[in-house]
Amino acid sequence: MAQGRYQALFANAYRLEQLSESIDGFAGAGIGWGRATMPRVGLGDGCSCFGPASKSGFAWQLRAGLGYRVSAGSSVSLQYTWLALPRPEADGLPRVRYERMRFGALTLGYSFQF
């Protein structure tokens, strides 16, 4: 199975709410530039039926999560991100147009302020 390569750069805006003395909730959105690239795909030996596909352009993301302040300058967070990237297209014949790349990611992070 072929796997793609994805790159993105965003400008984000967040809203942070202090839920308790040590827990914060946050939500945000971002817009920016993204690139999705799919490799050449063949069906068996000698058939390179679908050429490589790529596209760059507008991308967006949504993010929400919770943060736990471990100390005055550090915190641990759990967040979910929903990301949308451009739809890759192949040049030449046969013309291949993939679905718009949308996926979610659950991440655990550590932040340290200095």
Side-chain angles (χ1 to χ4, degrees):
M1 176 172 221
Q3 294 182 357
R5 180 180 172 115
Y6 315 104
Q7 300 166 324
L9 179 65
F10 292 99
N12 298 298
Y14 287 95
R15 176 161 176 94
L16 179 66
E17 287 288 327
Q18 187 172 348
L19 303 176
S20 74
E21 192 173 300
S22 59
I23 297 178
D24 298 319
F26 58 90
I31 59 171
W33 173 89
R35 181 173 180 80
T37 305
M38 303 297 284
R40 181 175 46 111
V41 177
L43 302 173
D45 294 336
C47 177
S48 182
C49 301
F50 302 103
S54 66
K55 186 164 185 184
S56 298
F58 179 75
W60 59 268
Q61 69 176 351
L62 300 174
R63 181 173 290 162
L66 294 172
Y68 175 74
R69 277 181 264 118
V70 179
S71 68
S74 64
S75 64
V76 175
S77 62
L78 181 64
Q79 64 185 13
Y80 184 78
T81 302
W82 181 251
L83 177 67
L85 296 171
R87 176 187 305 208
E89 296 180 21
D91 294 330
L93 295 174
R95 183 141 177 101
V96 179
R97 188 173 184 189
Y98 293 91
E99 291 292 322
R100 184 174 174 89
M101 308 306 287
R102 292 187 177 121
F103 49 90
L106 184 63
T107 57
L108 180 64
Y110 174 75
S111 299
F112 178 75
Q113 297 176 3
F114 53 93

For a quick test of your reading: what N or O donor-acceptor pairs under 3.5 Å do the side chains of residues 104-114 make, sequence neighbours left out?
from, atom 1, to, atom 2, distance (Å)
Thr107, OG1, Gln79, NE2, 3.3

Reported [atom1]-to-[atom2] distance for the pair [X] and [Y], which is rounded to 0.5 angstrom:
X: Leu85; Y: Lys55; atom1: CG; atom2: NZ; result: 12.0 Å
X: Leu83; Y: Arg63; atom1: CG; atom2: CZ; result: 9.0 Å
X: Trp82; Y: Trp60; atom1: CH2; atom2: CH2; result: 7.0 Å

Among all residues two or more places apart in sequence or in another chain, which pass the ring pair (Phe, Tyr, Trp, His ring centres under 6.0 Å) test with Tyr80? none

May I have the step-by-step check of side chain to side chain contact (heavy atoms under 4.5 Å, CB included) for Trp33 and Ser56, ending in yes or no? CA-CA 7 Å; Trp33 173 89; Ser56 298; 3.6 Å; yes

Which residue pairs pass the salt bridge (Lys or Arg N to Asp or Glu O under 4.0 Å) test when at least one of the two sits in residues 67-82, sequence neighbours left out?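 Sorted pair list: Asp24-Arg69.
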
So do the side chains of Val70 and Val76 get within less than 4.5 Å of each other, counting heavy atoms only?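 Yes, their side chains come closer than 4.5 Å.
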
Do Phe58 and Ile31 come close enough that some side-chain heavy atom pair is under 4.5 Å? yes

Test side-chain hydrogen bond (donor to acceptor under 3.5 Å, both in side chains) applied to Ser54 - qualifying residues, sequence neighbours left out: Arg35

Residues two or more places apart in sequence or in another chain: which of them pass side-chain hydrogen bond (donor to acceptor under 3.5 Å, both in side chains) with Glu21? none

Heavy-atom closest pair (Pro86 atom, Ala36 atom, distance to 0.1 Å) is O-CB, 3.7 Å

Please lay out, stage by stage, how Gln61 and Asn12 fare under the test side chain to side chain contact (heavy atoms under 4.5 Å, CB included). CA-CA 9 Å; Gln61 69 176 351; Asn12 298 298; 2.7 Å; yes

Check which hydrophobic residues are tied to Leu16 through side-chain heavy-atom contacts below 4.5 Å, counting indirect links as well, and list them. Tyr14, Phe26

Donor-acceptor pair, side chain of Gln18 and main chain of Ser20, under 3.5 angstrom: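 Looks like yes, one N/O pair under 3.5 Å.
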
